[in-house]
Amino acid sequence: GESVGLHLPTLSVQEGDNSIINCAYSNSASDYFIWYKQESGKGPQFIIDIRSNMDKRQGQRVTVLLNKTVKHLSLQIAATQPGDSAVYFCAERPPLASKLTFGTGTRLQVTL
Amino acid sequence: NAGVMQNPRHLVRRRGQEARLRCSPMKGHSHVYWYRQLPEEGLKFMVYLQKENIIDESGMPKERFSAEFPKEGPSILRIQQVVRGDSAAYFCASSPGLRTRPSHEQYFGPGTRLTVT
């Protein structure tokens with residue numbers, strides 16, 4: 001069935017280094033892919049999205065890459081800060097649907 | 001500019017009681033979604049509503065769960081005769097509407113953490 005999954009459940013990164021969080025998806029027809037950040041006890045916070053007809057999109061300190069050939073999505077965070085510590089979810093919107101399908105999440109731990 | 005509001009933030013119910021979770025979307029948003037999250041897991045879609053209409057309830061359990069989004073007031077997720085397995089965080093999200101379908105940008109509230117004892 002359709003699924004969005006992540007390769008690494010936990011990622012530890014030193015402060016100042018770059019972080020890369022990966023996600024694999026299975027529905028090649030999805031038209032949007034979104035990254036969310038969820039801090040403990042809070043709701044998911046929208047970070048960045050990318051449309052299926054793009055392969056790269058940049059935001060403030062974040063970049064999302066989409067590789068449709070291998071159905072892979074990644075989130076790059078530059079100069080990772082302690083405030084980036086959270087669980088990161090990728091999500092996809094299947095075609096003709098309004099709901100989002102979420103992956104299981106990657107916990108990012110920033111060490112000093 | 002207030003974000004998505006949910007209340008209560010924490011709710012404790014005994015088995016067999018009813019739980020009512022409320023969600024007020026962001027100003028200007030006409031589409032509401034409910035998701036459930038178990039500990040250490042991703043969010044699972046439950047239901048998508050517009051004002052006075054249920055558009056997609058494919059993620060809702062067939063029994064005991066219902067949702068509404070009346071013309072006036074917040075969206076309500078209602079769970080009757082709660083069981084321990086209903087314990088989870090329930091998140092509401094809202095999005096603005098486009099001409100043909102809602103935007104993919106969904107903004108989430110802080111969630112309601114339901115504990116069934």
Side-chain angles (χ1 to χ4, degrees), chain A residues 1-10 21 23-27 29-54 57 59 64 66 73 86-108, chain B residues 2-7 9-10 21 23-26 29-50 53-60 67 69 88-98 100-113:
Chain A
E2 300 173 6
S3 66
V4 179
L6 298 172
H7 298 302
L8 301 173
T10 304
I21 301 171
C23 175
Y25 65 93
S26 59
N27 191 338
S30 289
D31 58 356
Y32 277 100
F33 301 88
I34 307 106
W35 281 100
Y36 284 91
K37 172 186 179 183
Q38 187 176 27
E39 296 174 283
S40 181
K42 297 183 179 180
Q45 177 187 358
F46 179 95
I47 302 173
I48 191 169
D49 63 354
I50 188 167
R51 196 168 179 170
S52 59
N53 62 354
M54 302 169 65
R57 190 170 185 215
V64 56
L66 177 62
L73 188 70
V87 177
Y88 290 80
F89 293 96
C90 63
E92 61 176 332
R93 187 175 77 171
L96 304 178
S98 301
K99 62 187 178 185
L100 297 178
T101 301
F102 282 80
T104 53
T106 292
R107 186 178 305 278
L108 177 64
Chain B
V4 177
M5 310 281 282
Q6 288 188 252
N7 68 82
R9 295 292 309 276
H10 299 275
L21 288 61
C23 168
S24 296
M26 286 180 69
H29 287 191
S30 56
H31 302 257
V32 166
Y33 312 79
W34 286 94
Y35 292 83
R36 176 164 62 178
Q37 184 180 37
L38 296 173
E40 300 297 308
E41 292 189 11
L43 284 74
K44 304 293 185 192
F45 169 80
M46 298 181 74
V47 63
Y48 159 46
L49 310 102
Q50 296 179 29
N53 286 303
I54 297 174
I55 308 302
D56 181 354
E57 55 182 348
S58 59
M60 286 277 272
F69 190 14
Y90 292 83
F91 290 97
C92 169
S94 72
S95 70
L98 301 178
T100 56
R101 60 188 298 204
S103 166
H104 66 284
E105 294 182 21
Q106 296 184 16
Y107 296 89
F108 285 81
T112 293
R113 278 144 187 87

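Every chain is numbered from 1, with letters handed out A, B, ... down the list of sequences.
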Are any of the side-chain heavy atoms of B:Ser58 and A:Lys99 separated by less than 4.5 Å? yes

Taking C-beta and beyond as the side chain, do B:Ile55 and A:Ser98 meet within less than 4.5 Å on heavy atoms? no

Counting heavy atoms not belonging to B:Met60, are there more than 12 under 6.0 Å from its CE? yes

Measure the acute angle between the ring planes of B:Tyr107 and A:Phe46, then classify it against the limits of 30° and 60° as parallel, tilted or perpendicular. tilted

For A:Lys42, which atoms come within 4.5 Å of any heavy atom of chain B: side chain, backbone, both, or neither? backbone

Which answer fits A:Gln45, side chain, backbone, both or neither, if we ask what part of it has an atom under 4.5 Å from a heavy atom of chain B? neither

Among the listed options B:Arg9, B:Glu41, B:Gln37, B:Lys44, the residue most often paired with chain A at heavy-atom distances under 4.5 Å: B:Gln37

B:Gln6, part contacting chain A, at a heavy-atom distance under 4.5 Å: neither

Measuring from A:Tyr36:OH to B:Gln106:CD, what's the distance to the nearest 0.5 Å? 5.5 Å

